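One structure is given here, and the rest of the page talks about it.
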There are 2 protein chains.
Amino acid sequence: MAHSSPPTLHDVAREAGVSIATASRALNGSARNVRSENASRVRAAAAKLGYEPHLSAQAIAKGSTRTVALVIRDVADPYFSSIAAGVTQAAEAAQLIVTMAVADGSPERELEIVRTLRGQRPRVIIVAGSRIEGTGTRDSLTEELAEYRTAGGRVVMISQRDLPFSTVTVDNHGGAERLARALLDAGYRRFAVFHAPAEIRTSRDRHAGFLSAVRAAGAPEPVAIETGFTRAGGHDAARRLVERGFDDVEAVFAVNDVMAIGAMTAFRDAGVVPGRDIGVAGFDDIGSAVDVVPALTSVAVPLREAGLTAMRLALSDEDSASVCLPADVVLRESTPPRPPA
Amino acid sequence: MAHSSPPTLHDVAREAGVSIATASRALNGSARNVRSENASRVRAAAAKLGYEPHLSAQAIAKGSTRTVALVIRDVADPYFSSIAAGVTQAAEAAQLIVTMAVADGSPERELEIVRTLRGQRPRVIIVAGSRIEGTGTRDSLTEELAEYRTAGGRVVMISQRDLPFSTVTVDNHGGAERLARALLDAGYRRFAVFHAPAEIRTSRDRHAGFLSAVRAAGAPEPVAIETGFTRAGGHDAARRLVERGFDDVEAVFAVNDVMAIGAMTAFRDAGVVPGRDIGVAGFDDIGSAVDVVPALTSVAVPLREAGLTAMRLALSDEDSASVCLPADVVLRESTPPRPPA
DNA sequence: CGGGCTCCGGAAAACGTATTCCGCAGTTTG
DNA sequence: CAAACTGCGGAATACGTTTTCCGGAGCCCG
């Protein structure tokens with residue numbers, strides 16, 4: 001009794017006085033009919049015994065699972081957890097189970113995860129936020145995923161272009177361009193850009209988009225400060241900017257919101273009031289952008305939508321589609337219109 | 001070729017020129033030895049073919065899975081995603097796979113999830129954030145989980161006391177008491193409390209803890225305002241407080257940080273400057289508490305730790321342990337010391 | 001030199017389910 | 001009325017793995 005094992009289909013069949021074949025057919029909508037009297041007896045027996053079909057056994061018998069594997073960099077990061085929320089929502093709507101693995105930003109770990117993931121034989125593998133480029137593991141990862149796909153699996157990458165799989169990306173370049181134009185329209189001309197190392201594709205795209213719009217407008221070349229892709233990185237960059245003297249910069253663009261928020265705190269600590277002494281803009285439009293003071297100008301990225309779209313692509317027929325989601329500028333008090341000089 | 005199925009143990013055995021039994025023994029550390037020459041040939045064959053064992057087949061053969069099922073209310077909420085981060089970290093350290101299901105705050109959905117989860121035959125089910133009380137589904141949920149446990153599964157609840165399972169809770173009552181004492185020490189005596197409906201246990205505990213310390217100090221009974229457990233709820237409560245006239249309250253305690261942050265924004269919009277005209281304190285110490293202006297006084301809750309602890313309990317031997325994690329007061333600028341009147 | 005032992009490989013059973021195939025009854029059709 | 005057909009239940013097989021059991025080979029010891 002202490003460790004009675006859960007009831008099996010066999011138990012249900014015996015309880016209902018039919019064969020396991022009939023029980024199986026009655027419980028999952030099989031192609032074949034069973035007499036309605038038998039069917040209801042089977043259902044009654046299943047309910048009485050609290051039977052739940054053993055998913056592993058079903059998987060092995062059917063030759064396919066109902067699993068979606070999601071690989072992300074960090075669950076606690078709002079960026080990724082929003083994506084995860086979209087993926088799970090879409091998966092649950094399709095009666096799929098999602099398993100989650102976190103790669104912690106390490107390409108090696110990511111590779112290892114994908115490898116062992118194949119053991120699950122999931123329907124779909126979704127990889128989000130593998131944004132580190134130039135490492136040797138990239139090719140191994142591609143190969144591993146390609147092998148998985150020829151075995152009938154589906155692969156979707158989120159925010160990782162240039163790989164031969166279905167992809168959903170965000171219009172980082174265009175969003176940054178539009179942000180730059182909006183800031184130029186508001187009267188800013190001299191910028192600093194806080195960006196992450198170039199291996200991080202997202203950072204590179206946003207930086208490039210911003211630059212191209214600034215240059216197209218004939219404004220002076222922005223000051224570029226390289227730092228970490230994190231809140232601490234933004235904080236640090238702001239401190240460095242203040243130290244070196246920033247009289248010539250009117251606004252800062254940080255390539256993501258947490259960096260921008262870190263920068264605002266650092267500015268304020270240095271006596272430079274964001275929104276008054278200097279404009280600050282970020283990217284992602286995370287929830288707390290509105291609660292910070294002054295509210296942060298940003299570019300809204302439909303993260304949850306990205307997760308939903310990834311599942312949609314995975315479930316669609318076409319094998320290597322790509323979707324690019326729009327990113328919309330949201331102007332707030334951190335970049336007030338600037339009186340013409 | 002287009003849909004070649006992945007290699008099986010059979011293929012590996014054939015490639016290595018041994019039986020599947022030997023191949024199986026060579027690949028997973030079985031109790032039995034295989035001659036080292038054979039072992040290395042099997043490993044070579046497995047590597048060459050890119051073999052990964054079929055986890056479902058292993059599960060069914062071994063009679064147990066390496067799966068941890070996590071039920072949470074919402075992945076995108078930082079509160080839950082931090083817990084999830086702790087759980088996944090501990091699970092991956094133990095070579096376990098975590099599957100995630102989100103209940104969206106609906107007890108019915110939660111029940112349904114747990115039911116179908118049993119089909120996975122996971123080692124462990126962790127339920128976080130089922131904080132709605134008084135609904136009829138509660139008993140069904142308990143029953144379902146109890147049944148799962150007699151079948152050999154392990155159950156851990158997070159932040160849900162009073163159920164006959166292992167539990168990890170946060171010291172909401174004590175943390176709120178200590179917060180109240182800290183505020184009293186800082187010179188505040190007249191409080192308002194923004195709390196959620198009493199069905200939400202967490203809110204009730206924090207409210208009660210705060211009240212008990214205030215009363216013990218002989219300070220006047222706080223004004224209580226009931227509202228939603230969300231940012232919008234806090235915003236709304238602050239607006240109501242301002243409308244009714246708040247001259248007699250010196251500080252507000254909101255039962256969580258997002259409420260407190262919403263309240264700060266509402267106060268500011270009404271021309272009441274938080275930290276100067278009124279003190280504001282929250283609970284949870286979410287990441288953005290330090291980036292808000294003024295930085296928010298709060299009570300730090302070790303959420304990731306809670307996830308880790310849950311896994312530790314799940315993997316431990318004792319069947320119904322309980323752990324209560326400490327919650328530490330963090331004073332910041334939103335509640336500056338108040339000059340004695 | 002023979003009996004018992006250890007070491008190890010392979011055949012086969014087992015796990016829980018889906019499905020194919022067979023056969024039986026009842027019904028339709030020519 | 002025979003023949004073909006339909007509807008449905010059950011036995012058996014398959015899925016990919018682990019594990020038990022059997023048996024052969026080599027060894028040690030008396």
Side-chain angles (χ1 to χ4, degrees), chain A residues 3-43 45-46 49-67 116 118-122 151-152, chain B residues 3-42 45-46 49-67 116 118-123 151-152:
Chain A
H3 267 225
S4 74
S5 52
T8 73
L9 191 54
H10 191 83
D11 301 326
V12 175
R14 182 154 33 82
E15 176 80 19
V18 297
S19 73
I20 37 178
T22 305
S24 172
R25 289 194 268 250
L27 288 179
N28 62 17
S30 146
R32 291 237 333 231
N33 282 341
V34 327
R35 217 188 335 164
S36 65
E37 187 209 322
N38 276 340
S40 55
R41 281 177 58 192
V42 169
R43 277 195 299 270
L49 267 47
Y51 169 76
E52 282 293 333
H54 193 309
L55 260 41
S56 291
Q58 281 191 322
I60 205 180
K62 287 189 164 152
S64 80
T65 60
R66 302 197 59 82
T67 301
T116 73
R118 285 176 45 209
Q120 284 186 44
R121 306 287 191 275
Chain B
H3 267 223
S4 75
S5 51
T8 73
L9 191 55
H10 191 83
D11 301 326
V12 175
R14 182 153 33 83
E15 176 80 19
V18 298
S19 73
I20 40 177
T22 305
S24 172
R25 291 195 266 249
L27 288 179
N28 64 17
S30 148
R32 289 231 342 223
N33 282 341
V34 327
R35 217 190 332 166
S36 66
E37 188 209 321
N38 275 341
S40 56
R41 283 176 56 189
V42 169
L49 268 46
Y51 169 76
E52 282 293 332
H54 194 308
L55 260 42
S56 291
Q58 280 190 324
I60 208 180
K62 287 193 166 143
S64 80
T65 61
R66 300 197 61 82
T67 301
T116 73
R118 285 177 43 210
Q120 284 186 48
R121 306 287 191 277
R123 285 254 174 111

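Small disclaimer: the values here were computed from a predicted structure and weren't measured. Per chain, numbering begins at 1; letters A, B, ... match sequence-line order.
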Whole-Å distance between [N] [atom2] and [X] [atom1]?
X: B/Arg35; N: D/dG24; atom1: CZ; atom2: P; result: 17 Å
X: B/His54; N: D/dT18; atom1: NE2; atom2: C1'; result: 15 Å
X: B/Leu27; N: D/dT18; atom1: CG; atom2: C1'; result: 12 Å
X: A/Leu9; N: D/dA11; atom1: CG; atom2: P; result: 14 Å
X: B/Tyr51; N: D/dG16; atom1: OH; atom2: C1'; result: 7 Å
X: A/Glu37; N: D/dC8; atom1: CD; atom2: C1'; result: 13 Å

*So does A/Ser19 get a side-chain nitrogen or oxygen closer than 4.0 Å to the phosphate oxygens (OP1/OP2) of D/dG9?*
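It does not, given that no N or O in the side chain of A/Ser19 lies less than 4.0 Å from OP1 or OP2 of D/dG9.
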*chain B on DNA chain C: first and last contacting nucleotide, 5' to 3', under 4.0 Å to a heavy atom?*
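First and last nucleotides in contact are C/dC8 to C/dG16.
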*Under 3.5 Å, side chain of B/Arg25 to main-chain N/O of B/Asn33, donor-acceptor pair present?*
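No; judged by distance alone, with no hydrogens or angles, the pair does not exist.
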*Within the structure shown, what part of the strands sits under 4.0 Å from A/Ser24 by heavy-atom distance: base, sugar-phosphate, or nothing?*
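Touches a base.
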*When all nucleic acid strands are considered with a 4.0 Å heavy-atom cut-off, which category describes A/Ile60: base, sugar-phosphate, or nothing?*
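Answer is base: heavy atoms of A/Ile60 come under 4.0 Å of a base.
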*Comparing A/Ser56 and B/Ile20 on DNA chain C - which has the more 5′ nearest nucleotide*: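 Going by which nucleotide is closer to the 5' end, it is B/Ile20.
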_Return whichever of B/Val18 or A/Asn28 has its heavy-atom-nearest nucleotide of DNA chain C closer to the 5' end._
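The answer here is B/Val18.
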*Choosing from D/dC21, D/dG16, D/dG9, which nucleotide comes nearest the side chain of B/Arg25?*
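My answer, after comparing the listed nucleotides, is D/dC21.
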Restricting to non-hydrogen atoms, name the atom on [X] and the atom on [Y] that form the minimum distance, rounded to 0.1 Å.
X: A/Arg121; Y: B/Glu52; answer: NH2-O, 3.0 Å
X: A/Ser40; Y: A/Glu37; answer: OG-O, 2.9 Å
X: B/Gly50; Y: B/Pro7; answer: O-CG, 4.0 Å
X: A/Leu9; Y: A/Tyr51; answer: N-CE1, 3.4 Å

_Interatomic spacing from OG1 in A/Thr22 to CG in A/Leu27 - rounded to 0.5 Å_ =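 The OG1 atom of A/Thr22 sits 10.5 Å away from the CG atom of A/Leu27.
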*How far does OG1 of A/Thr8 sit from CD1 of A/Ile20, to the nearest 0.5 angstrom?*
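Answer for the OG1-CD1 pair, A/Thr8 versus A/Ile20, is 8.5 Å.
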*asked:* If you assign B/Lys62 and A/Asn38 each to the DNA chain D nucleotide with the nearest heavy atom, which residue ends up on the more 5' nucleotide?
replied: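 Nearer the 5' end of the strand: A/Asn38.
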